[in-house]
Structures are given as structure tokens and as C-alpha cells.
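Each ligand, and each atom within it, is numbered from 1 in the order the structure gives. Numbers here simply count residues along the sequence, with the first being 1. Computed over heavy atoms, backbone and side chain alike; hydrogens, waters and symmetry mates excluded.
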Amino acid sequence: MVDLVTRAEWGARAPKGSYDTLHSTRGVKVHYTGGREDPRMVGDHDLCVARVRSIQRQHMDGNGWIDIGYTAVACWHRKVFVGRGLHHLPAANGAGLNSGHYAVLALVGNSGLVEPTDDLLLAIWDAIDWLRAEGGAGKEIKGHRDGYATDCPGGPLYAWVRKGAPRPGGGTRPADVDEKPATGRAPAWPGRLLAYPPMTVGDDVETWQAQMRRRGWSIAVDRMYGPDSRDVCRRFQAEKGLDVDGIVGPQTWRAAWEAPIT
Ligand SMILES: [Zn+2]
Ligand SMILES: [Zn+2]
């Protein structure tokens with residue numbers, strides 16, 4: 001159950017204009033503040049409240065936005081501040097990228113507080129669950145830097161996102177992740193290229209997606225090789241020094257099982 005901090009509770013200013021409506025999104029992008037976050041905040045929720053107010057002030061008075069740019073803010077006390085809220089276009093993902101994903105800020109910085117705690121990661125998950133249940137958010141969990149030139153959400157949070165945003169304490173492993181070891185002998189090459197466009201659909205796509213997920217990539221196991229699968233494929237190929245063509249051919253297929261996980 002999400003522990004929401006309402007706008008009234010955090011003393012939000014009213015927005016200076018009306019929000020654009022979002023019916024649904026592909027998912028959520030995770031952000032950090034990129035500044036210095038006071039370590040005393042971990043022991044004092046009032047400092048979280050003050051920080052969220054200061055971010056709103058900066059976005060409205062500095063950036064000239066109608067409101068804080070984020071959909072929600074996750075704090076160190078497993079609370080979720082309502083930013084722009086459900087079904088409202090955020091402003092924090094970068095121009096042109098806001099309608100695809102809700103924007104969730106974690107109160108993590110690039111100095112002071114840089115390593116997320118379990119409570120903070122759980123707060124991010126509470127925000128995601130809330131946005132999925134009530135805001136039409138899809139399955140994707142990405143970082144601000146996916147598709148935009150920025151350091152955000154910083155090294156530790158981005159590493160977590162790239163591992164598929166594992167929930168601290170486990171328990172709710174996605175049903176489509178099984179317990180097979182993440183590396184080993186590759187199964188036989190299916191004999192066709194997995195590519196997009198057009199969409200490649202089938203058991204072989206599912207086998208590859210499940211394996212990439214087992215390796216820690218954030219990828220839907222939906223039997224459909226579309227733009228998201230291609231994106232994972234390209235990043236994997238770049239990481240492994242393969243030709244970056246976004247196509248799962250024999251080499252990329254084999255590497256998905258046999259290349260070490262880095
Ligand atoms: Zn960001
Ligand atoms: Zn707090």
C-alpha cells in the first residue's frame with residue numbers, strides 16, 4: 001500500500017496552469033536530484049518535505065514550469081509525494097519524452113546521499129505500483145538517461161534500473177523470470193533473425209527475451225521483438241563488442257547465454 005504525501009500535506013503551491021492529460025504511458029522513468037543531498041534527511045522526514053518544496057520552487061520560479069516537473073517523489077521514509085500526479089503530463093523527462101513515461105524522482109543526489117537504501121527503493125516501487133494501478137503506467141522502468149543526454153539518475157540508481165529494478169527483499173519476482181542460471185550453453189540457434197521492423201513474433205523471441213531478463217535486463221517477455229527488444233539488443237551488443245545492428249543473429253544469440261555478465 002503506497003504511503004502518499006498529498007500536495008496539501010507537503011505544502012505544494014498550486015500549479016500556474018492546467019496540465020496536459022495522459023491516458024496511459026509505457027512506464028516510468030527514474031530520476032535523481034543531481035545535487036548534494038543532506039545525509040541528515042535520512043533521519044528527518046521534515047527535511048524531505050522541505051526538499052520537495054525547494055524543488056517545486058526551482059521548477060516554477062527557475063525553469064518557469066507550471067509546477068514541479070515530476071509525477072511523484074520517493075523519499076527515504078518509504079513515502080511517495082504526489083507531484084503532478086496521475087494522468088498529468090510530467091516535464092522532467094526532456095522535451096518530447098514526457099508523454100511516454102511518468103517521472104519519478106528519488107531524493108538521491110550526486111553527493112551526500114548517493115546510495116539508495118531499501119526503504120527508498122521500496123518507495124520507488126510503491127510509486128510505480130500506484131502509477132500502474134491507477135495511472136495507466138505500462139511495464140517499462142527506465143532511467144532519465146535512456147534516450148536523453150544526462151547523468152540522471154546517477155550511477156547507483158541507474159545500475160539498479162538496468163538490473164530490472166529488483167524489489168528489496170525479493171518475494172515478488174516477476175512471474176516470467178524462472179530460476180535457471182543466467183549463463184550457460186546457448187540453445188540451438190532458431191535459424192531466423194530476430195529483428196524489427198517489422199515485428200518478429202514467436203517462441204524464439206520469448207526464449208531470447210527471457211534469457212536477457214535473466215541476465216538482468218529490463219525487458220518484457222512478450223514474444224514480440226519490437227523497438228524495446230531492439231533497444232536492449234543494441235545496448236547488449238555494444239557492451240559485448242558485437243556489431244551494433246539491433247538484430248539477434250547467431251553471434252548475438254549465443255552471447256546472450258555464453259558471454260559473461262558484467
Ligand atoms: Zn532526471
Ligand atoms: Zn521522507
Side-chain angles (χ1 to χ4, degrees), residues 1-12 25-60 62-65 67-84 88-128 130-131 137 140-162 165 168 218:
M1 191 60 158
V2 60
D3 184 1
L4 289 176
V5 181
T6 65
R7 291 176 64 94
E9 284 167 345
W10 63 267
T25 69
R26 296 205 299 277
V28 168
K29 284 191 173 170
V30 176
H31 298 256
Y32 80 155
T33 69
R36 181 182 151 72
E37 296 307 323
D38 186 346
R40 288 176 302 177
M41 189 155 55
V42 173
D44 186 354
H45 180 66
D46 288 346
L47 294 178
C48 303
V49 176
R51 187 69 179 105
V52 173
R53 291 171 67 141
S54 80
I55 292 165
Q56 187 194 32
R57 194 179 317 125
Q58 182 190 327
H59 285 182
M60 293 178 75
N63 300 4
W65 295 347
D67 191 6
I68 189 168
Y70 303 106
T71 305
V73 182
C75 89
W76 299 91
H77 308 95
R78 198 174 172 177
K79 292 177 188 291
V80 176
F81 290 73
V82 178
R84 293 197 177 197
H88 295 152
L89 187 75
N93 293 333
L97 297 171
N98 287 304
S99 61
H101 298 83
Y102 284 115
V104 174
L105 171 71
L107 289 178
V108 171
N110 65 2
S111 71
L113 294 173
V114 299
E115 291 285 344
T117 59
D118 283 1
D119 273 350
L120 185 120
L121 296 176
L122 286 166
I124 296 172
W125 259 113
D126 290 345
I128 291 169
W130 174 59
L131 292 166
E140 287 186 4
I141 302 174
K142 297 201 166 193
H144 188 185
R145 72 170 75 164
D146 292 316
Y148 192 81
T150 172
D151 284 341
C152 185
L157 266 183
Y158 192 60
W160 177 72
V161 166
R162 282 289 299 274
S218 174

Peer 1: Strictly below 4.0 Å, N to O, side chains only: are Asp3 and Arg78 in salt-bridge contact?
Peer 2: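 A salt bridge is absent here (no side-chain N lies under 4.0 Å from a carboxylate O).
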
Peer 1: Working to the nearest 0.5 angstrom, can you tell me the gap between Asn93 CG and Thr71 OG1?
Peer 2: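 OG1 of Thr71 is found 7.0 Å from CG of Asn93.
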
Peer 1: Check whether more than 12 heavy atoms from other residues, nucleotides or ligands sit under 6.0 Å from atom CZ of Arg162, and answer yes or no.
Peer 2: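 Atom CZ in Arg162 is crowded, with more than 12 foreign heavy atoms closer than 6.0 Å.
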
Peer 1: Per the ring-ring contact (aromatic ring centres under 6.0 Å, His included) rule, what does the pair list look like for residues 93-118, sequence neighbours excluded?
Peer 2: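 Sorted pair list comes back empty.
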
Peer 1: Find out whether Leu113 and Val108 are in side-chain contact, i.e. whether some heavy atom of one side chain is under 4.5 Å from a heavy atom of the other.
Peer 2: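 A side-chain contact under 4.5 Å is absent here.
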
Peer 1: For the Zn ion (ligand 1), count the protein N, O or S atoms found under 2.8 Å away.
Peer 2: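 N, O or S atoms of the protein closer than 2.8 Å: 3.
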
Peer 1: Which of these, Arg51, Arg57, Gln58, sits in a side chain to side chain donor-acceptor pair (under 3.5 Å) with Ser54?
Peer 2: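 Going through the options one by one, the only one that passes is Arg51.
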
Peer 1: Side chains of Asp151 and Tyr32: do they bring a donor and an acceptor to under 3.5 Å?
Peer 2: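 Their side chains do not contain a donor-acceptor pair, so the 3.5 Å distance test is not met.
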
Peer 1: No waters, cut-off 2.8 Å: how many protein N, O or S atoms are close to the Zn ion (ligand 2)?
Peer 2: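 There are 4 of them.
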
Peer 1: Got a sec, which residues hit salt bridge (Lys or Arg N to Asp or Glu O under 4.0 Å) with Asp119, two or more places apart in sequence or on another chain?
Peer 2: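 Salt bridge (Lys or Arg N to Asp or Glu O under 4.0 Å) check on Asp119 returns nothing, list empty.
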
Peer 1: For the residue pair Val2 and Val82, establish whether any side-chain heavy-atom pair is separated by less than 4.5 Å.
Peer 2: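 No; the side chains remain at least 4.5 Å from each other.
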
